[in-house]
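A note on names: the letters A, B, ... follow the listed sequences, proteins ahead of strands, and every chain is numbered from 1.
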Number of protein chains: 2
Amino acid sequence: MRNEVRRLRAARGLSQQALGVALGVSRQTVNAIEQDRYDPSLPLAIRIARHFGLTVEEIFHVDDA
Amino acid sequence: MRNEVRRLRAARGLSQQALGVALGVSRQTVNAIEQDRYDPSLPLAIRIARHFGLTVEEIFHVDDA
DNA sequence: CATGGATGTAAAGTAAGCTTTACATCTCCA
DNA sequence: TGGAGATGTAAAGCTTACTTTACATCCATG
């Protein structure tokens, strides 16, 4: 799964740390998601989408199906 | 997190088994999600939403935030 | 130069998502 | 009546999501 998190975060001038705090996760988690090392849980994905005022599907793109 | 999976599945006359097959998961997984025993992973949530022609946010509702 | 902020990454541990196998209950229908 | 399909649930096992701690690198700026 690819995602737009890095782009959205950078566009707002936030650090990974700051975004992590806003989302209630560690900066390592933000980093891992941005680099596609793993997918966020569903509740975290929904919080991310809300944070950026977008839908989950606008931020997270399934490669295969 | 609450969700509309049972309602949507029943409206289409599908068994948990049939939905599981369509989604690529076991019927126990469908059952557990319908009963809020745990949240689906993000990729599974996206597949569910697609299956029903809805968005993730239309199907999965975060209680708290 | 050196200090600090931002990022990348790794290891160890816990919790959550999902599987298979198995059993129990209920309902419907031949 | 009894067999089948649908559902609920549990245990054991594997993988993934996330944490904390820790260290390394890269820039920018005093």
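- Heavy-atom nearest nucleotides on DNA chain D were determined for Pro43(B) and for Arg6(B), and the one closer to the 5' end corresponds to Arg6(B).
- With hydrophobic clusters built from ILVMFWY side chains whose heavy atoms lie under 4.5 angstrom apart, Leu54(B) shares a cluster with Phe60(B).
- Residues Pro43(A) and Asp39(B) form a side-chain contact, since some pair of their non-hydrogen atoms from C-beta on lies under 4.5 Å apart.
- Across the protein-nucleic acid pair, Ile33(A) atom CD1 and dG8(C) atom C1' stand 15 Å apart, rounded to whole Å.
- At the phosphate of dA17(D), neither OP1 nor OP2 sits under 4.0 Å from any side-chain N or O atom of Ser41(B).
- Sequence order on DNA chain C of the closest nucleotides to Arg9(A) and Tyr38(B) puts Arg9(A) first from the 5' end.
- The CG-P distance, from Leu44(B) to dT16(D), rounds to 15 Å in whole Å.
- Side-chain contact check for Thr29(A) versus Leu23(A): every heavy-atom pair is 4.5 Å or farther apart.
- Asn3(B) places a side-chain N or O within 3.5 Å of a backbone atom of Ile33(B) that can act as its donor or acceptor partner.
- Arg37(A) places its CZ atom 11 Å from the P atom of dA17(D), with the value rounded to the nearest Å.
- Asp36(A) has its CG atom 15 Å from the C1' atom of dG8(C), to the nearest Å.
- Residues from residues 10-30 of chain A lying near DNA chain C, meaning a heavy-atom separation below 4.0 Å, are Ser15(A), Gln16(A), Arg27(A), Gln28(A) in numerical order.
- Under the 3.5 Å distance criterion, the side-chain polar atoms of Arg9(A) are matched with a main-chain donor or acceptor of Leu14(A).
- At least one side-chain nitrogen or oxygen of Asn31(B) sits closer than 4.0 Å to the OP1 or OP2 atom of dG8(D).
- When each of dC18(D), dA17(D), dT7(D) is scored by its nearest atom to the side-chain atoms of Asp39(A), the top-ranked nucleotide is dA17(D).
- No single ILVMFWY cluster, assembled from side-chain heavy atoms under 4.5 Å apart, contains both Val5(A) and Val21(A).
- Atoms CD (Gln35(A)) and C1' (dA6(C)) sit 13 Å apart, rounded to a whole Å.
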